[in-house]
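Here is the structure we will look at, set down as structure tokens.
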Amino acid sequence: MIDLAQLRSCTKCGLSVTRQRVVVGSGPSHAALMIVGEAPGANEDEGGEPFIGRSGRLLFQLLDEEVGLTREQCFVTNVVKCRPPGNRTPTREELGACRPWFLGQIQDVAPRVVLALGNTAAKSIFGFTEGMAAVHGRVCQLGDARGLATYHPAAALRGGPSVVDVMRRDLLVLKRLLGEL
Ligand code: URA
Ligand code: SF4
């Protein structure tokens with residue numbers, strides 16, 4: 001079991017200096033689905049919960065429409081728990097420093113399916129070397145869980161309906177996985 005008090009006061013990387021809150025994650029302790037983004041943004045850094053801004057609204061709208069799941073039914077977190085200044089991409093060092101926390105959460109929650117959002121999470125979790133256009137919707141094994149990646153909802157907010165359509169199709173793959181297991 002990860003030690004939540006330790007995580008909330010973690011100083012294993014430089015992001016601890018500029019963050020307001022460590023965004024641990026939220027959801028049932030044994031959710032079937034674990035959703036993993038990149039890192040907290042400004043809203044999350046202030047509110048202490050993942051995906052509470054515009055990206056999250058789109059994400060949970062699509063999840064509801066395509067899979068029939070609510071935010072409350074999923075465990076939601078990020079590969080990096082503290083906000084990078086200006087929302088820059090986390091460095092390799094930061095990803096490495098935070099990785100044990102994420103691995104601990106996978107062990108604790110023991111989800112059946114893991115959904116990675118965006119390239120940073122997808123590469124970090126599944127070790128993909130290609131970009132999202134090539135790897136989205138590809139089903140992987142992650143220990144006892146199955147996993148897949150899709151675009152980050154922020155990319156869909158920028159990229160418009162064509163990206164949203166791809167996300168919808170990937171979510172249907174996810175729904176099938178949840179149904180099979
Ligand atoms: N983007 C992310 O990757 N994670 C969040 O929690 C919010 C926005
Ligand atoms: Fe610790 Fe992760 Fe925050 Fe870095 S990002 S200080 S490793 S919790």
Side-chain angles (χ1 to χ4, degrees), residues 1-28 31 33-63 69-109 111 114-126 128 131-132 135-136 147-159 163-164 166-167 170-171 174:
M1 281 268 279
I2 65 165
D3 183 328
L4 282 178
Q6 265 188 30
L7 172 50
R8 289 204 179 91
S9 57
C10 176
T11 55
K12 283 199 288 177
C13 83
L15 297 180
S16 60
V17 177
T18 46
R19 74 170 181 235
Q20 292 190 61
R21 319 248 313 245
V22 175
V23 180
V24 168
S26 65
L33 174 61
M34 188 166 188
I35 299 177
V36 192
E38 177 173 312
N43 294 304
E44 293 78 19
D45 185 48
E46 195 168 318
E49 289 216 19
F51 283 104
I52 53 176
R54 280 182 72 211
S55 289
R57 259 201 307 283
L58 175 61
L59 168 64
F60 293 109
Q61 181 200 327
L62 296 177
L63 196 74
L69 285 177
T70 65
R71 171 189 187 97
E72 288 70 31
Q73 291 175 291
C74 314
F75 193 89
V76 189
T77 189
N78 290 294
V79 283
V80 164
K81 313 296 185 203
C82 302
R83 182 192 183 199
N87 298 344
R88 64 163 172 74
T89 306
T91 64
R92 230 149 44 109
E93 288 71 26
E94 289 157 359
L95 282 159
C98 217
R99 190 168 176 77
W101 292 123
F102 172 68
L103 294 178
Q105 284 177 314
I106 292 247
Q107 279 208 326
D108 291 349
V109 177
V114 175
L115 174 67
L117 299 171
N119 275 309
T120 303
K123 289 182 178 180
S124 169
I125 296 171
F126 301 122
F128 291 139
M132 193 54 68
V135 303
H136 75 86
L148 79 168
T150 191
Y151 287 95
H152 194 288
L157 288 170
R158 286 192 305 271
V163 181
V164 172
V166 177
M167 288 182 77
D170 293 340
L171 288 173
L174 183 151

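Excluded from the calculations below are hydrogen atoms, water molecules and symmetry mates; all remaining heavy atoms, backbone and side chain alike, are included. Order of listing sets the numbers, starting from 1, for every ligand and every atom in it.
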Give the atoms of ligand 2, by number and element, whose distance to some non-hydrogen atom of Ser16 is under 4.0 Å. 6 (S)

Among all the protein's non-hydrogen atoms, which is closest to atom 3 (Fe) of ligand 2, and how far away is it? Cys82 SG, 2.3 Å

Going by the order shown, which atoms of ligand 1 are within less than 4.0 Å of some heavy atom of Pro50? 6 (O)

I need the single residue from Asp170, Leu33, Val76 that forms a side-chain contact (heavy atoms from CB on, under 4.5 Å) with Leu115. Which is it? Leu33

Contact atoms of ligand 1, heavy-atom distance to Glu38 under 4.0 Å: 2 (C), 3 (O)

for atom 4 (N) of ligand 1, nearest protein heavy atom and its distance come out as Asn78 OD1, 2.7 Å

I want to confirm something. Looking only at heavy atoms, which of Gly37, Gly118, Ser55, Ala39 is nearest to atom 5 (C) of ligand 1? Ala39

What atoms in ligand 2 come closer than 4.0 Å to a heavy atom of Arg19? 3 (Fe), 6 (S)

Starting from atom 4 (Fe) of ligand 2, find the nearest protein heavy-atom neighbour and note its residue, name and distance. Cys13 SG, 2.4 Å

In this structure, atom 1 (Fe) of ligand 2 is nearest to the protein heavy atom Cys10 SG, 2.3 Å

Distance to 0.1 Å, residue and atom name: give those for the protein heavy atom nearest to atom 2 (Fe) of ligand 2. Cys98 SG, 2.3 Å

With heavy-atom distances below 4.0 Å as the criterion, list the atoms of ligand 2 near Val80. 5 (S)

What are the atoms of ligand 2, with element, lying closer than 4.0 Å to any heavy atom of Ala97? 7 (S)

Assess whether atom CD of Gln73 is packed by more than 12 heavy atoms of other residues, nucleotides or ligands within 6.0 Å. yes

